[in-house]
Amino acid sequence: MAAENIDDVVDGLAGIVREAGRAGDRVGYFAALYRQVTVEVRTAIQAGQFDDGARMDRFDTLFGNRYFDAYDAWRRDQGGPRCWREAFGLLDDPDTIIVQHLILGVNAHINLDLAVAAARTSPGDAIHALRRDFLLINDILARVALAVQDSVGAVSPLMSLLDQIGARTDERILDFSVRQSRKEAWYNAVLLAGQNEAEREATIERLDIRAAVLARLTTRPGGLVRPALHLIRSTESDDVPAVITHLDNVMERPSARQGTG
């Protein structure tokens with residue numbers, strides 16, 4: 001699939017969520033989160049919150065197509081970027097907890113796709129004018145992700161164990177730091193915007209490798225986290241369609257609108 005505008009991105013994600021719900025496919029977990037991010041961005045565009053709404057529509061479309069391309073490549077022949085292969089490759093793993101699926105998607109989309117989409121939206125010196133809008137879309141992504149994570153307790157009763165062992169503090173989930181990745185994404189966007197094609201390809205390759213390493217750390221943590229994950233998983237809901245529905249409605253709950261920082 002290929003989106004031409006932000007409405008197409010919302011529709012494409014909604015289609016993935018619907019199909020995943022029918023099939024009981026865990027790909028719907030991150031797709032539900034991401035659909036809500038895109039709806040929030042579209043609402044912000046319509047409300048005039050961005051400096052350049054048309055530019056942000058293009059940005060979000062490029063951003064969404066990064067996900068669709070990765071999704072299509074995996075469905076076709078299990079190809080695509082390394083970090084997305086790590087994420088999609090665990091969809092059938094019965095030991096992976098819900099929040100790990102969410103973080104694997106957020107990891108790939110922030111640590112790889114966000115910077116690439118920004119640089120393609122505003123190449124060269126134009127990237128600097130994008131900064132405020134970039135930070136706003138980045139904040140929306142993080143806010144929705146954290147709202148979803150905070151609501152997971154309804155379908156994953158022992159998620160609080162991660163807090164108790166320090167694996168979910170200060171926006172850090174396992175070995176993935178949302179806060180740090182958001183900062184690095186802007187640095188990488190500026191870097192990519194100023195590079196020639198060969199340099200960009202090398203940088204994107206490096207970002208993909210790094211995101212894939214972070215994905216492996218998230219899926220195979222050490223120390224006290226590993227037994228905690230097994231215990232958490234033993235109490236989580238196995239009703240994948242119900243979990244997808246729960247995740248797909250998080251931002252409609254009043255508590256989500258209060259913001260998470």
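The OG1 atom of Thr121 lies 7.5 Å from the CD1 atom of Ile127; values are rounded to the nearest 0.5 Å. Rounding to the nearest 0.5 Å places CG of Leu214 at 10.0 Å from CZ of Arg216. Remark: Asp133 CG to Arg55 CZ distance equals 4.5 Å, nearest 0.5 Å. A distance of 11.0 Å separates OG1 in Thr38 from CG in Asp11, rounded to the nearest 0.5 Å. If you take CD1 on Ile244 and CD1 on Ile16, they are separated by 11.5 Å, rounding to the nearest 0.5 Å. To the nearest 0.5 Å, atoms CD (Glu201) and CD1 (Ile204) are separated by 7.5 Å.
Shown here is Glu19, whose CD atom has more than 12 heavy atoms of other residues, nucleotides or ligands within 6.0 Å. Residue Asp125 places its CG atom among 12 or fewer non-hydrogen atoms of other residues, nucleotides or ligands, all under 6.0 Å distant. Heavy-atom contacts from other residues, nucleotides or ligands closer than 6.0 Å to CG of Asp77 number more than 12.
Closest approach of Asp93 and Asp95 over heavy atoms only: OD1-N, 2.8 Å. Between Leu104 and Ala87, the shortest heavy-atom distance links the atoms CB-CB, 3.8 Å. Closest heavy-atom contact between Leu90 and His101: O-CE1, 3.1 Å. Pairing each heavy atom of Asp8 with each of Glu4, the nearest pair is OD2-N, 3.0 Å. The shortest heavy-atom contact between Gly80 and Arg85 is O-NH1, 2.5 Å. Between His246 and Ala154, the shortest heavy-atom distance links the atoms CE1-CB, 3.6 Å.
Side-chain contact between Val41 and Val9: absent, with no pair of heavy atoms (C-beta onward) separated by less than 4.5 Å. Looking at Phe59 and Leu114, their side chains come closer than 4.5 Å, going by heavy atoms from C-beta outward. Inter-residue side-chain proximity for Arg233 and Asp238 is flagged as met; some heavy-atom pair is nearer than 4.5 Å. In this structure, the side chains of Met56 and Leu130 come closer than 4.5 Å at one or more pairs of heavy atoms. Contact check for Val27 versus Arg75: side-chain heavy atoms found under the 4.5 Å cut-off.
Transitive grouping of hydrophobic side chains (ILVMFWY, heavy atoms separated by less than 4.5 Å) keeps Leu112 and Ile137 in distinct clusters. The same ILVMFWY cluster, assembled from side-chain heavy atoms under 4.5 Å apart, contains both Val99 and Ile232. Linking ILVMFWY residues whenever their side-chain heavy atoms come closer than 4.5 Å, directly or via other members, leaves Phe88 and Leu207 in distinct clusters. When the side chains of ILVMFWY residues are joined at heavy-atom separations under 4.5 Å, either directly or via intervening members, Tyr67 and Val10 end up in two distinct hydrophobic clusters. Hydrophobic clustering, with ILVMFWY side chains joined whenever heavy atoms are under 4.5 angstrom apart, groups Val155 together with Val106.
Using a distance-only test at 3.5 Å, with no hydrogens or angles considered, a donor-acceptor pair links the side chain of Asp208 to the main chain of Arg82. Panel note: side chain Asp113, backbone Phe63; no donor-acceptor pair is recorded below 3.5 Å. In this structure, Glu40 contributes its side chain and Val144 its backbone to no donor-acceptor pair below 3.5 Å. Checking side-chain atoms of Asn65 against main-chain N and O of Phe68 turns up no donor-acceptor pair under 3.5 Å. Looking at Arg26, its side chain never comes within 3.5 Å of a backbone N or O of Val240 through a donor-acceptor pair. Proximity of a side-chain donor or acceptor of Asn249 to a complementary backbone N or O of Thr245 within less than 3.5 Å is detected. Panel note: side chain Arg35, backbone Asp248; a donor-acceptor pair is recorded below 3.5 Å.
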Worked check of side chain to side chain contact (heavy atoms under 4.5 Å, CB included) between Tyr29 and Leu91: CA-CA 10 Å; Tyr29 293 173; Leu91 292 174; over 6 Å; no
CA sep, side-chain torsions, deciding dist, call: Val39, Met251, side chain to side chain contact (heavy atoms under 4.5 Å, CB included): CA-CA 10 Å; Val39 169; Met251 295 307 290; over 6 Å; no
Enumerate, atom names and distances included, each donor-acceptor pair closer than 3.5 Å involving a side-chain atom of residues 185-195, sequence neighbours excluded.
{"residue": "Asn188", "atom": "ND2", "partner": "Glu184", "partner atom": "O", "Å": "3.1"}
{"residue": "Gln195", "atom": "OE1", "partner": "Thr203", "partner atom": "OG1", "Å": "2.8"}
{"residue": "Gln195", "atom": "NE2", "partner": "Thr203", "partner atom": "OG1", "Å": "3.0"}

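Outside the 6.0 Å centre-distance limit, the rings of Trp84 and Tyr71 are not counted as a close aromatic pair.
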